[in-house]
Number of protein chains: 2
Amino acid sequence: MRLTKRKMAAALREHGYKLTPQRRAVITAIASSPDHLTPTALHRKVQQDHPTIGLVTIYRTLEILVKLELTCELHAGGSCRSYTIAAPGLHHHLICSDCGEVIDFSGYYLAELEQRLYRETGFEIEGHLLEFIGRCQNCRQNV
Amino acid sequence: MRLTKRKMAAALREHGYKLTPQRRAVITAIASSPDHLTPTALHRKVQQDHPTIGLVTIYRTLEILVKLELTCELHAGGSCRSYTIAAPGLHHHLICSDCGEVIDFSGYYLAELEQRLYRETGFEIEGHLLEFIGRCQNCRQNV
DNA sequence: ATATAAATGATAATACTTTTCATTTAGAGC
DNA sequence: GCTCTAAATGAAAAGTATTATCATTTATAT
């Protein structure tokens with residue numbers, strides 16, 4: 001189940017952040033898009049309804065949303081960073097190198113590996129980033 | 001066993017790239033550093049011995065080295081991209097969120113998961129990026 | 001309704017990366 | 001070794017992404 005706008009707003013409040021129209025707009029845009037969006041793309045989307053919102057506010061809001069784990073950040077080669085709403089348990093990505101489609105997936109737990117790494121290196125693992133790059137069905141067929 | 005400078009140079013040749021002094025210098029710098037270096041850091045290092053080499057050449061050379069899989073690219077939160085010599089079979093990273101230390105590790109194969117993803121989504125997987133973020137032993141102790 | 005700390009937008013500054021183009025050079029062929 | 005040519009280089013500029021500054025506005029507690 002994906003996070004709802006309502007829950008995201010509540011989480012902001014809980015952590016002492018004000019619920020401004022701008023932040024609502026960003027949340028709405030993220031929550032209503034299945035895609036990963038770059039800050040600029042998100043800005044364009046938000047501006048459709050709220051033309052005065054600045055790109056800087058997008059950056060600032062994303063920073064908060066990522067900190068509260070309400071959105072997740074994607075790093076895929078090249079100039080990176082795009083964002084999408086966080087889906088609990090779905091923190092891995094499958095990225096098409098051709099069309100850029102992103103599929104989230106879950107069901108693979110890295111806990112065992114994390115423990116081994118802790119024993120061997122003393123690293124206390126806080127998070128991970130697992131991304132696969134490939135070519136999606138469509139792109140493979142439309143050669 | 002890590003790649004030697006000699007092998008990297010040979011690989012360049014094999015693929016029809018010229019072996020210029022600048023490229024030698026970049027290869028030397030990468031091969032002799034255990035750390036992941038950003039393009040800028042690499043530039044500084046190279047300039048110690050070859051002050052005239054431009055940053056653009058660093059970027060261009062890195063592009064080739066990554067394409068030939070002689071170096072690997074790291075994406076770790078924030079403004080990303082750093083590079084290190086590729087160690088065959090060691091394509092995963094353990095990054096300290098505190099001091100930035102990077103440990104490569106291997107021994108965990110994602111082949112099984114890749115096959116499952118192929119069956120379920122039709123994605124033909126070409127590569128992956130697995131990175132753990134955490135705090136290294138030192139940073140945990142020196143609170 | 002008011003006070004206040006936080007948030008916003010405009011602007012500028014900074015950093016990162018790519019493009020363009022004239023000049024230089026590595027390496028193939030002789 | 002010398003010549004030729006395609007490829008590589010460096011300088012400069014352009015393009016893009018991100019962060020900082022600051023005066024003004026605003027959400028919310030009271």
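To find a chain, count down the sequence lines: A is the first, B the second, and so on, and within it residues start at 1.
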Quiz item: Who are the side-chain contact (heavy atoms from CB on, under 4.5 Å) partners of B/K18, not counting sequence neighbours?
Solution: B/T20, B/R23
Quiz prompt | Nearest-0.5 Å distance, NE2 of residue B/H43 to CG of residue B/L37 | solution = 13.0 Å
Exercise. Working to the nearest 0.5 Å, report the span between OG1 of A/T61 and CD1 of A/I53.
Key: 8.0 Å
Quiz item: Just checking B/R24: base, sugar-phosphate only, or nothing, at a heavy-atom cut-off of under 4.0 Å?
Solution: nothing
Practice problem: Please state whether the phosphate of C/dT8, meaning OP1 or OP2, lies under 4.0 angstrom from any side-chain nitrogen or oxygen of A/T20. | Solution: yes
Exercise. Can you measure from CD1 (B/I58) to CD (B/E63) and round to the nearest 0.5 angstrom?
Key: 13.5 Å
Exercise. Return the nearest nucleotide to the side chain of B/Q22; candidates are D/dA7, D/dT9, D/dA20.
Key: D/dT9
Quiz prompt | Protein-nucleotide distance (B/L55, atom CG; D/dA12, atom P), rounded to Å | solution = 14 Å
Quiz item: For B/I64 and C/dT18, what is the distance between atoms CD1 and P respectively, to the nearest whole Å?
Solution: 13 Å
Quiz prompt | More than 12 heavy atoms from other groups under 6.0 Å of OH on A/Y17 | solution = yes
Self-check item: Whole angstrom value for the distance that separates P of C/dT18 from CG of B/L62
Solution: 11 Å
Quiz item: Between B/Y17 and A/Y17, who's closer to the 5' end of DNA chain C by nearest nucleotide?
Solution: A/Y17
Quiz item: Between B/L19 (CG) and C/dA28 (P), how many Å, whole number?
Solution: 11 Å
Practice problem: Rounded to the nearest angstrom, tell me the gap between atom OH in B/Y59 and atom P in D/dG15. | Solution: 18 Å
Exercise. Find the distance B/R13:CZ to C/dA26:P and express it as a whole number of Å.
Key: 11 Å
Practice problem: Remember a base hit wins even if backbone is also touched, and classify A/R23 as base, sugar-phosphate or nothing at under 4.0 Å, heavy atoms. | Solution: sugar-phosphate
Practice problem: For the helix from C/dA1-D/dT30 to C/dC30-D/dG1, figure out the bend between the end axes, five pairs an end, and round to 10 degrees. | Solution: 50°
Quiz item: Is a donor-acceptor contact shorter than 3.5 angstrom present between the side chain of B/R60 and the base of D/dG10?
Solution: yes
Quiz item: Can you tell which of D/dA27, C/dT8, C/dT18 lies closest to the side chain of A/T57?
Solution: C/dT8
Exercise. Measure the spacing between CD of A/Q22 and CZ of A/R24 and express it to the nearest 0.5 Å.
Key: 11.0 Å
Quiz item: How long is the line joining NE2 of A/H43 and P of D/dT18, in whole Å?
Solution: 14 Å
Quiz item: With nearest nucleotides of DNA chain C determined for B/T40 and B/K18 from heavy-atom distances, which residue corresponds to the more 5′ nucleotide?
Solution: B/T40
Quiz item: B/L70 versus B/I27: any side-chain heavy-atom pair under 4.5 Å?
Solution: no
Exercise. Send over the distance from B/L12 CG to C/dG27 P, rounded to a whole Å.
Key: 10 Å
